[in-house]
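Keep in mind it's a predicted model, so treat the numbers as computed, not measured.
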Amino acid sequence: MNELSQIVSMNRKTYANAKVLDYYDGLTELFPGEKVLFEHLSSKIEKARILDIGVGGGRTTQYLLPRASAYTGIDYVPEFVERVTKKYPTGTFTVGDARDLGKYEDEAFDFVLFSYNGIDVVSHDDRIRILREMHRVLKKGGVMMFSSHNRDYRHFRRPYWLMEPKFSKSFAKNLLSYIYFLPRHLQMRKLEIFNDEYAIVNDQDHRFSLLVYYIRVGQQIKQLEDIGMSDVKAYNMKGDQVNADKDSFWIYYLGEK
């Protein structure tokens, strides 16, 4: 198995872990930036045909489903689809991979969402493939929205225990966790990628079990413009529009077709 295939297979295995499933299943609130942006997009969302990619436990479903004329949620982890179908029986949910949305026709949706940095757990080539597929199934004048890890974040690659300058229970817990999982982290670091456009790194999410894509705002906007998106804007975790940001762990991106 080559390195690019390893990224996908290892990350998918993490998301299918029982504890990770329970974590996402337990999330019930929109993030602050999402609340702001969904309100901003309310006229685009109301009565829209919506595709919600990486639906997980249905955190965004609870907001989007009642507003949509037709709502489709997909996830590449079958266990998530089973759970969210039971929680929201009026929605349409299916196992699907964002790299291949071939079951959907061109311009099938008015609003396409990929939330909680789900686009960051594939290789670079797969990421571009996902963006092209999201663009293809989006109608002319429709809106694409997703979030992605921020390479300019001031704590990029810094362990959690070093983010807190003073000793505390949280500091001690994160330090002990870092030490315990250090062998895994050192092994995963062998697969990291760094270049001028992006980085794929082993951060601390889910106990150092993921390889995660990080990108700067300008580079992400260029990726979107290169696939044909227009009026691309970036927003920080509070929902404020930015050109760059060092305080947000991830950035939200909006674009129109």
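For the side chain to side chain contact (heavy atoms under 4.5 Å, CB included) test with K257, the passing option among R136, K139, E107 is E107; the others fail.
Between E192 and R157 there is a salt bridge, since a side-chain N of the basic residue sits under 4.0 Å from a carboxylate O of the acidic one. Looking at D97 and R12, a side-chain N of the basic residue comes within less than 4.0 Å of a carboxylate O on the acidic one, giving a salt bridge. A salt bridge links D247 with R154: at least one charged nitrogen is closer than 4.0 Å to a carboxylate oxygen. Residues K19 and D22 are not paired through a salt bridge, judged by the lack of any N-O separation under 4.0 Å between the basic side chain and the carboxylate. Note on D25 versus K87: salt bridge recorded, some NZ/NE/NH1/NH2 to OD/OE distance being below 4.0 Å. Salt-bridge formation is detected for the pair D231/K233: a Lys NZ or Arg NE/NH1/NH2 atom is positioned less than 4.0 Å from an Asp or Glu carboxylate oxygen. K222 and D226 are joined by a salt bridge, as a carboxylate oxygen and a charged side-chain nitrogen come within less than 4.0 angstrom of each other.
Ring-plane geometry between Y15 and Y24 is classed as tilted, the angle between the planes lying from 30 to 60 degrees on a 0 to 90 degree scale. Classified by interplanar angle (parallel below 30°, tilted 30° to 60°, perpendicular above 60°), the ring pair F93/Y88 is tilted. The aromatic rings of Y23 and Y116 lie tilted to each other, with the angle between the two planes from 30° to 60°. Between Y213 and H124, the two ring planes are parallel [angle under 30°; tilted spans 30° to 60°].
For the residue pair D120 and S148, a side-chain donor N or O sits within less than 3.5 Å of a side-chain acceptor on the partner. If you check the side chains of T61 and Y71, you find a donor sitting under 3.5 Å from an acceptor. The closest side-chain donor-acceptor pair between N150 and S248, if any, does not fall under 3.5 angstrom. For the residue pair D245 / Y153, no side-chain donor-acceptor distance below 3.5 Å is found, with atom types taken as modelled.
The backbone N or O of V121 lies less than 3.5 Å from a partner atom in the side chain of N11, making a donor-acceptor pair. Judged by distance alone, the side chain of D203 and the main-chain N or O of V212 form no donor-acceptor pair under 3.5 Å. Judged by distance alone, with hydrogens and angles left aside, the side-chain atoms of N236 form a donor-acceptor pair with the main-chain N or O of G239 at under 3.5 Å. A donor-acceptor pair is defined here as one N or O able to donate and one able to accept, closer than 3.5 Å; such a pair exists between the side chain of R49 and the backbone of A108. No donor-acceptor pair closer than 3.5 Å links the side chain of Q187 to the backbone N or O of R184. When atom types are taken as modelled, the side chain of T72 and the backbone of T92 share no donor-acceptor pair closer than 3.5 angstrom. Checked by atom type and distance alone, the side chain of E39 never pairs as donor or acceptor with a backbone atom of V36 at under 3.5 Å. Not a single donor-acceptor pair under 3.5 Å links the side chain of D110 to the backbone N or O of G142.
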What verdict does the ring pair (Phe, Tyr, Trp, His ring centres under 6.0 Å) test give for H155 and F249, after you've listed the backbone C-alpha separation in whole Å, the side-chain angles of each residue and the deciding distance to 0.1 Å?
CA-CA 8 Å; H155 292 305; F249 188 25; 9.5 Å; no

Apply the test side-chain hydrogen bond (donor to acceptor under 3.5 Å, both in side chains) to residues R207 and T14: give CA-CA distance (whole Å), side-chain angles for both, the deciding distance (0.1 Å), then the verdict.
CA-CA 10 Å; R207 300 177 175 180; T14 292; over 6 Å; no

Go through the steps to decide whether E133 and D100 satisfy the test side-chain contact (heavy atoms from CB on, under 4.5 Å), and finish with yes or no.
CA-CA 7 Å; E133 280 289 85; D100 181 6; 4.0 Å; yes

side-chain hydrogen bond (donor to acceptor under 3.5 Å, both in side chains), that's the test. Do Q220 and R127 meet it? Break it down for me.
CA-CA 11 Å; Q220 184 57 75; R127 179 191 192 84; 2.5 Å; yes

What do the steps show when you test I53 against L113 for side-chain contact (heavy atoms from CB on, under 4.5 Å), and what is the final call?
CA-CA 6 Å; I53 303 172; L113 173 71; over 6 Å; no

Give the intermediate values and the outcome of ring pair (Phe, Tyr, Trp, His ring centres under 6.0 Å) for residues W250 and Y235.
CA-CA 9 Å; W250 64 77; Y235 299 84; over 10 Å; no

Dump the intermediate steps for side-chain contact (heavy atoms from CB on, under 4.5 Å) on M144 and L224, then the final yes or no.
CA-CA 10 Å; M144 175 195 299; L224 289 167; 3.9 Å; yes

From CA spacing to verdict: side-chain contact (heavy atoms from CB on, under 4.5 Å), V143, L41:
CA-CA 9 Å; V143 175; L41 294 169; 4.1 Å; yes

Any chance you could lay out the ring pair (Phe, Tyr, Trp, His ring centres under 6.0 Å) test for Y252 and F31, step after step, and finish with the verdict?
CA-CA 11 Å; Y252 296 96; F31 296 122; 7.6 Å; no

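At least one side-chain heavy atom of E197 sits under 4.5 Å from a side-chain heavy atom of Q223. Between H206 and N17, every side-chain heavy-atom pair lies at or beyond the 4.5 Å cut-off. At least one side-chain heavy atom of E225 sits less than 4.5 Å from a side-chain heavy atom of I221. At a threshold of 4.5 Å between non-hydrogen side-chain atoms, the residues M229 and L131 do not count as touching. Proximity of K44 to E256: side-chain heavy atoms (C-beta onward) are separated by under 4.5 Å at one or more points. Within the 4.5 Å cutoff, no side-chain heavy atoms of V55 are placed close to those of I74. Counting heavy atoms from C-beta on, the side chains of V77 and V20 never come closer than 4.5 Å. Side-chain contact check for F114 versus D52: every heavy-atom pair is 4.5 Å or farther apart.
A distance of 6.0 Å separates CG in L30 from CZ in F38, rounded to the nearest 0.5 Å. Note that the CG atom of L210 and the CE atom of M188 stand 6.5 Å from one another [nearest 0.5 Å]. To the nearest 0.5 Å, atom CE of residue M134 and atom CG of residue L101 are 8.5 Å apart. Taken from OG in S42 to CZ in R67, the straight-line distance is 9.0 Å, to the nearest 0.5 Å. Put simply, CD1 on I130 and CZ on R132 are 13.0 Å apart, with the number rounded to the nearest 0.5 Å. Within the model, atoms CG of D205 and CG of L211 stand 11.5 Å from one another, a figure rounded to the nearest 0.5 Å.
Residues N202 and H185 share a closest heavy-atom pair of OD1-ND1, 2.6 Å. Between S69 and K47, the closest heavy-atom pair is OG-O, 3.1 Å. Contact between G56 and D75 at its shortest, heavy atoms only, is N-OD2, 2.9 Å. The shortest non-hydrogen separation linking T94 to V81 is O-CG2, 3.6 Å. Counting all heavy atoms, side chain and backbone alike, D196 lies closest to Q219 at O-NE2, 3.9 Å. In terms of heavy atoms, S147 sits closest to S115 at OG-C, 4.0 Å.
For the pair R151 and Y198, the NZ or CZ position fails the cation-pi test of under 6.0 Å to the six-membered ring centre and within 45 degrees of the ring normal.
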